[in-house]
A.B. asks: 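One structure coming up, written as structure tokens, with questions to follow.
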Amino acid sequence: MSDTAPVSAQKFAPRVFSGIQPSGGLTLGNYLGALKRFVQAQDAGTETIYCMVDMHAITVWQDPAKLRRATRELAAGFIASGIDPVRSILFNQSQVPAHAELAWIFNCVARMGWLKRMTQFKDKAGKNAENASVGLFAYPTLMAADIMAYHATHVPVGEDQKQHLELTRDIAAKFNHDFGVEFFPIVEPVIEGAATRVMSLRDGTKKMSKSDPSDMSRINLTDDADTIAQKLRKARTDPEALPSDLDGLAERPEARNLVNIYAALADITPDAVLAQYGGQGFGAFKPALADLAVDKLSPISAEMTRLMQDVAEIDRILGDGAARAHAIAQPILEQCYDIVGLIRTRPSGMT
Ligand code: TYM
């Protein structure tokens with residue numbers, strides 16, 4: 001079709017997109033694996049779009065009042081961590097209809113077998129897969145739509161999202177192939193740095209997660225200074241001193257985790273941490289880590305509390321972000337519908 005031809009010659013400008021679910025509070029894992037890196041991408045001058053994925057959150061039941069609060073608190077967490085809602089676009093997913101609409105197209109592109117292989121669905125649905133929502137199963141197609149609605153090229157995430165991003169690439173490639181276009185970019189996952197997988201403070205083989213029943217396993221961005229220090233002092237470790245190089249951490253997941261957390265918080269490499277603390281025991285390292293964590297996280301938590309006092313301002317920011325996001329996503333959706341053969345003759349005022 002003539003009006004889709006120029007699309008195949010399209011070049012994709014660098015554009016960063018990422019999202020966080022407003023289900024429960026933010027953890028140190030979210031901060032180091034995602035938020036801190038979102039800020040770096042913004043400060044590097046790239047076009048950055050960040051989303052509170054509230055429609056992903058409702059793939060498991062959420063109390064409506066708590067969901068509203070968690071979404072606003074997450075917005076506060078983004079801003080307190082350094083996201084500037086003027087330089088970046090910051091919004092909640094459900095305010096931009098292109099996400100759900102494109103997800104439907106992708107539901108028709110993705111194959112059942114692809115989705116059945118998603119380890120996160122298997123983990124979340126557990127033994128009760130028959131009882132999981134259809135939304136939970138189709139979660140990754142909505143995630144692909146989040147990214148592709150903006151023709152985003154780079155997606156900073158933690159390690160646990162790698163498989164979802166591979167699926168996003170597969171969906172984009174299949175769409176392009178099925179319709180003979182180069183309409184969707186093949187996105188680059190950006191999984192970099194010392195903290196792409198922050199582990200539980202109680203078990204160095206498990207990911208730090210907001211859904212872990214033990215609050216001692218994680219640091220929440222809303223924890224006060226005493227709680228942060230106490231959780232790190234009580235973090236599980238082994239009796240050995242820290243080694244002087246990374247090889248010495250190979251069989252020591254808890255020690256490695258704390259070294260990685262230190263490195264990510266201090267913006268240095270794990271090697272540099274070991275150059276400083278190698279040979280010292282946890283009696284010396286843990287208090288230093290606790291001081292560093294309190295120093296970096298307390299201002300964020302204080303700023304979140306302050307921002308949450310003005311909910312109207314948060315809502316204004318989300319509304320403004322949604323309008324800017326919509327302005328980018330809607331024309332891409334319209335082109336996509338056209339490629340697929342869906343007729344759009346409604347008045348332009350409707351879009
Ligand atoms: P979510 O809400 O579970 O987590 C948000 C981000 O935090 C990262 N993360 C971690 N990183 C390091 N260590 C940890 N322990 C840790 N825990 C969480 C996650 O990798 C993620 O980057 N499906 C996504 C949300 C999403 C999305 C998107 C992301 C929806 N659409 C489009 C990118 C692009 C999720 O559930 O993230």
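Whatever order the structure lists them in is the order used to number ligands and atoms, beginning at 1.
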A.B. asks: Which ligand 1 atoms, with their elements, are less than 4.0 angstrom from a heavy-atom of G33?
C.D. replies: 11 (N), 12 (C)
A.B. asks: So, are D315 and R72 salt-bridged, with charged N and O less than 4.0 Å apart?
C.D. replies: yes
A.B. asks: Purely on distance, is any nitrogen or oxygen of M208 under 3.5 Å from one on ligand 1?
C.D. replies: yes
A.B. asks: Under a 4.0 Å threshold between the charged nitrogen and the carboxylate oxygen, would E313 count as salt-bridged to R316?
C.D. replies: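 Yes, this pair counts.
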A.B. asks: Is the closest basic N to carboxylate O distance between D54 and R68 below 4.0 Å?
C.D. replies: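 Answer for the salt bridge query: no.
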A.B. asks: Looking at E166 and R169, does any basic side-chain N land under 4.0 Å from a carboxylate oxygen?
C.D. replies: no
A.B. asks: By number and element, which atoms of ligand 1 are closer than 4.0 Å to a non-hydrogen atom of I147?
C.D. replies: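 In order of numbering, the contacting atoms are 32 (C), 34 (C).
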A.B. asks: Give the residue, atom name and distance (to 0.1 Å) of the protein heavy atom nearest atom 23 (N) of ligand 1.
C.D. replies: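 Nearest protein contact, heavy atoms only, for atom 23 (N) of ligand 1 is Y139 OH, 2.6 Å.
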A.B. asks: Would you say G158 has any N or O atom under 3.5 Å from an N or O of ligand 1, going by distance alone?
C.D. replies: yes
A.B. asks: Look at atom 18 (C) of ligand 1 and say which protein heavy atom is nearest, naming residue and atom and giving the distance to 0.1 Å.
C.D. replies: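 Closest protein heavy atom to atom 18 (C) of ligand 1: N30 ND2, 3.2 Å.
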A.B. asks: Taking the basic N atoms (NZ, or NE/NH1/NH2) and the acidic carboxylate oxygens, is any pair closer than 4.0 Å for D160 and K207?
C.D. replies: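 Answer for the salt bridge query: yes.
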A.B. asks: For A195, counting its heavy atoms only, list the atoms of ligand 1 lying under 4.0 Å from any of them.
C.D. replies: 12 (C)
A.B. asks: On the 0 to 90° scale, with breaks at 30° and 60°, tag the F179-F175 ring pair as parallel, tilted or perpendicular.
C.D. replies: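 Ring orientation, 0 to 90° scale: tilted.
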A.B. asks: Can you tell me how the ring of F183 sits relative to the ring of H151, calling it parallel under 30°, perpendicular over 60° and tilted otherwise?
C.D. replies: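 The rings of F183 and H151 stand perpendicular, inter-plane angle above 60°.
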A.B. asks: Relative to atom 19 (C) of ligand 1, which among T196, I49, V157, D160 owns the nearest non-hydrogen atom?
C.D. replies: D160
A.B. asks: Do the side chains of K36 and D267 get close enough for a salt bridge, i.e. N-O under 4.0 angstrom?
C.D. replies: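 Salt bridge between K36 and D267, a charged N being under 4.0 Å from a carboxylate O: yes.
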A.B. asks: With respect to S18, determine whether any N or O atom, backbone or side chain, lies less than 3.5 Å from an N or O atom of ligand 1.
C.D. replies: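 S18 vs ligand 1: no N/O contact under 3.5 Å.
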A.B. asks: Using a 4.0 Å cutoff against the non-hydrogen atoms of K207, which atoms of ligand 1 qualify?
C.D. replies: 15 (N)
A.B. asks: Heavy atoms only, cut-off 4.0 Å: how does S23 contact ligand 1, side chain, backbone, both, or neither?
C.D. replies: neither
A.B. asks: Mind checking whether H164 has an N or O less than 3.5 Å away from an N or O of ligand 1?
C.D. replies: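 Min N/O separation from ligand 1 is not below 3.5 Å for H164.
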A.B. asks: Are any of the N/O atoms on V198, whether in the backbone or the side chain, positioned under 3.5 angstrom from an N/O atom of ligand 1?
C.D. replies: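 Checking ligand 1 against V198, an N or O pair does fall under 3.5 Å apart.
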A.B. asks: Looking only at distance, does Q161 have an N or O less than 3.5 Å from an N or O of ligand 1?
C.D. replies: yes
A.B. asks: Charged N to carboxylate O below 4.0 Å: is that the case for R252 and E240?
C.D. replies: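 Between E240 and R252 there is no salt bridge, as every charged N stays at least 4.0 Å from the carboxylate O atoms.
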A.B. asks: Establish, yes or no, whether a centroid distance under 6.0 Å links the rings of H326 and F91.
C.D. replies: no
A.B. asks: Which atoms of ligand 1 have any heavy atom of A34 under 4.0 Å away?
C.D. replies: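 In order of number, 6 (C), 7 (O), 22 (O).
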A.B. asks: If the cut-off is 4.0 Å to any non-hydrogen atom of H56, which atoms of ligand 1 fall inside it?
C.D. replies: 30 (C), 31 (N)
A.B. asks: Is the shortest N/O to N/O distance between Q120 and ligand 1 below 3.5 Å?
C.D. replies: no
A.B. asks: Is L165 in polar range of ligand 1, meaning some N or O pair under 3.5 Å apart?
C.D. replies: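 No, L165 has no N/O under 3.5 Å of an N/O on ligand 1.
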A.B. asks: Please state whether the rings of F38 and F78 are parallel, tilted or perpendicular, taking 30° and 60° as the class boundaries.
C.D. replies: parallel
A.B. asks: List ligand 1 atoms under 4.0 Å from V155, heavy atoms only on the residue side.
C.D. replies: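 Going through ligand 1 atom by atom, the ones under 4.0 Å from V155 are 33 (C), 34 (C).
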A.B. asks: So, D84 and R87, do they make that salt bridge, N to O below 4.0 Å?
C.D. replies: yes
A.B. asks: For I20, counting its heavy atoms only, list the atoms of ligand 1 lying under 4.0 Å from any of them.
C.D. replies: 2 (O), 5 (C)
A.B. asks: Does only the side chain of Q21 get under 4.0 Å from ligand 1, or the backbone, or both, or neither? Count heavy atoms.
C.D. replies: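 Both backbone and side chain of Q21 come within 4.0 Å of ligand 1.
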